[in-house]
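Scroll down for the structure; my scribbles are underneath it.
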Amino acid sequence: METRVTEIADGVHQLSTEVPGAPVVFNQYLIAADEPFLFHTGLRAIFPAVLEGAGRVLAPDGIRWIGYGHYEADECGAMGEWLARAPQAAVVQGVVGTLVSAGDLSDRAPRPLGDGEKLDVGGHVLQWFDTPHTPHGWDAGVVYDATTRTLLCGDLFTRLGPFDATSTDDVVGPAIHAEDTLGGSLSLHPTSGATVRRLADLDIETLALMHGPAFSGDCAGALRDLADDFDRRAAALA
């Protein structure tokens with residue numbers, strides 16, 4: 001396995017790894033700030049490839065913050081490996097995620113962030129937003145880089161198969177197709193659409209997908225269209 005490295009915004013690097021036989025490609029995002037921030041650790045199985053990719057951007061030993069959107073192997077499976085490699089690193093997650101998972105799983109005390117709380121990592125100001133059960137997981141959340149106007153949006157807009165690092169093409173249609181194909185990946189509830197729609201109020205230039213390209217286009221419109229699809233699905237279940 002080899003990790004593709006692409007700078008998708010100023011100082012924001014996409015680390016993309018295709019795993020043979022997996023239906024999706026796995027992205028991590030490394031922000032080369034004064035206090036480097038890694039979003040998603042990746043699976044333990046791909047840690048060597050992701051580590052090598054990160055090393056093309058900066059010295060991995062210097063990573064200061066390790067974040068993830070919700071507890072899942074591809075999001076935080078290699079947490080222990082990264083903490084061992086980066087001795088000054090600490091895990092960053094929401095208050096709920098810290099309480100139910102990271103507080104026990106992390107070998108060092110994590111840094112909990114409340115809804116809307118900001119973290120200045122030096123050259124980039126990051127902001128955590130709770131998105132409970134959206135797309136899945138009580139601890140779910142996203143990170144907004146206010147400096148580059150990039151939303152690290154995790155499993156929102158999941159796409160099947162390989163993709164270019166960046167795109168201006170539609171990301172909503174492929175996400176709808178992925179959910180129709182996989183079935184049941186969303187934890188749909190009455191406020192699913194509203195949770196996503198709130199993110200559309202941010203000033204976003206790039207949507208940094210975990211399983212898809214970094215999208216530059218009408219980001220607010222894409223979020224609202226995805227929210228409408230969530231509402232449609234929730235209504236159908238009701």
Side-chain angles (χ1 to χ4, degrees), residues 1-5 13-31 36-55 60 63 65-86 89-113 128 130-143 151-163 174-175 178-179 181-188 208-214:
M1 288 180 290
E2 184 174 341
T3 294
R4 180 184 67 198
V5 180
H13 301 264
Q14 180 195 85
L15 313 177
S16 187
T17 310
E18 188 172 350
V19 177
V24 295
V25 176
F26 301 93
N27 291 341
Q28 289 75 48
Y29 289 92
L30 179 59
I31 299 180
F37 176 90
L38 176 69
F39 193 62
H40 310 142
T41 71
L43 302 159
R44 293 172 61 196
I46 66 173
F47 174 72
V50 178
L51 177 66
E52 189 277 330
I63 290 174
W65 302 105
I66 298 169
Y68 63 93
H70 56 270
Y71 181 62
E72 206 168 29
D74 59 347
E75 299 243 0
C76 60
M79 179 193 302
E81 285 80 354
W82 282 107
L83 288 172
R85 185 58 189 250
V91 170
V92 177
Q93 231 275 336
V95 172
V96 171
T98 299
L99 175 66
V100 302
S101 297
D104 180 68
L105 295 171
S106 175
D107 291 334
R108 290 191 284 278
R111 166 74 158 86
L113 291 175
W128 172 269
D130 291 336
T131 63
H133 305 292
T134 307
H136 36 248
W138 181 27
D139 58 342
V142 296
V143 170
L151 184 68
L152 306 175
C153 49
D155 283 343
L156 297 175
F157 301 103
T158 288
R159 174 187 298 236
L160 300 178
F163 45 81
E179 180 61 19
T181 301
L182 297 174
S185 74
L186 299 176
S187 297
L188 294 166
L209 280 56
M210 183 179 185
H211 305 296

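No hydrogens, no waters, no symmetry mates; every other heavy atom, side chains included, goes into these values. The structure presented is a predicted model; accordingly, all values stated were derived computationally and were not measured.
For Thr134, the side-chain hydrogen bond (donor to acceptor under 3.5 Å, both in side chains) test picks out His189, with sequence neighbours left out. Every residue two or more places apart in sequence or in another chain was checked for a salt bridge (charged side-chain N to carboxylate O under 4.0 Å, His left out) with Arg4, and none qualifies. Partners of His70 according to the ring-ring contact (aromatic ring centres under 6.0 Å, His included) rule, which considers only residues two or more places apart in sequence or in another chain, are His136. The side-chain hydrogen bond (donor to acceptor under 3.5 Å, both in side chains) test applied to Ser185 returns Glu179, not counting sequence neighbours. With sequence neighbours excluded, the residues satisfying side chain to side chain contact (heavy atoms under 4.5 Å, CB included) with Leu182 are Leu160. Partners of Arg108 by side-chain hydrogen bond (donor to acceptor under 3.5 Å, both in side chains), not counting sequence neighbours: none found. Residues forming a ring-ring contact (aromatic ring centres under 6.0 Å, His included) with Phe26 (at least two apart in sequence, or on another chain): His211. Take Thr17 and apply the side-chain hydrogen bond (donor to acceptor under 3.5 Å, both in side chains) test, not counting sequence neighbours, and it matches Thr3. Applying the ring-ring contact (aromatic ring centres under 6.0 Å, His included) test to Phe47 and every residue at least two apart in sequence or in another chain returns Trp82.
Rounded to the nearest 0.5 angstrom, His13 NE2 and Leu38 CG are separated by 12.0 Å. Here the CD-OG distance, from Gln93 to Ser101, works out to 7.5 Å after rounding to the nearest 0.5 Å. Of the inter-residue distances, the one linking Tyr68 atom OH with Gln28 atom CD reads 15.0 Å to the nearest 0.5 angstrom. Rounding to the nearest 0.5 angstrom, the gap separating the CD1 atom in Ile31 from the CH2 atom in Trp65 is 13.0 Å. With rounding to the nearest 0.5 Å, the separation of CG in Leu51 from CD1 in Ile46 is 11.5 Å. Between atom CG of residue Leu156 and atom CE of residue Met210 there is a gap of 12.0 Å, rounded to the nearest 0.5 Å.
No side-chain heavy atom of Asp130 sits less than 4.5 Å from a side-chain heavy atom of Val96. Taking 4.5 Å as the limit, some side-chain heavy atom of Val19 sits within range of a side-chain heavy atom of Met1.
With hydrogens and angles disregarded, no donor-acceptor distance shorter than 3.5 Å links the side chain of His40 to the backbone of Asp74.
Residues Gly212 and Tyr29 share a closest heavy-atom pair of O-OH, 4.2 Å. Scanning both residues, Ala178 and Thr158, for their nearest heavy atoms gives CB-O, 3.3 Å. For the pair Ala45 and Pro48, the tightest heavy-atom approach, listed with the atom from each and the gap, is O-CD, 4.0 Å. Here the closest heavy-atom approach between residue Leu113 and residue Trp128 is recorded as O-CD1, 3.6 Å. Contact between Gly161 and Val25 at its shortest, heavy atoms only, is O-CG2, 3.7 Å. Between Ala86 and Pro60, the shortest heavy-atom contact is CB-O, 3.5 Å.
Judged as a salt bridge (Lys or Arg N to Asp or Glu O under 4.0 Å), the pairs with a partner in residues 36-52 (not counting sequence neighbours) are, in order, Arg44-Glu81, Glu52-Arg56. Applying the salt bridge (Lys or Arg N to Asp or Glu O under 4.0 Å) rule to pairs touching residues 151-162 yields nothing, sequence neighbours excluded.
The number of heavy-atom neighbours closer than 6.0 Å to OH of Tyr71, taken from other residues, nucleotides and ligands shown, is 12 or below.
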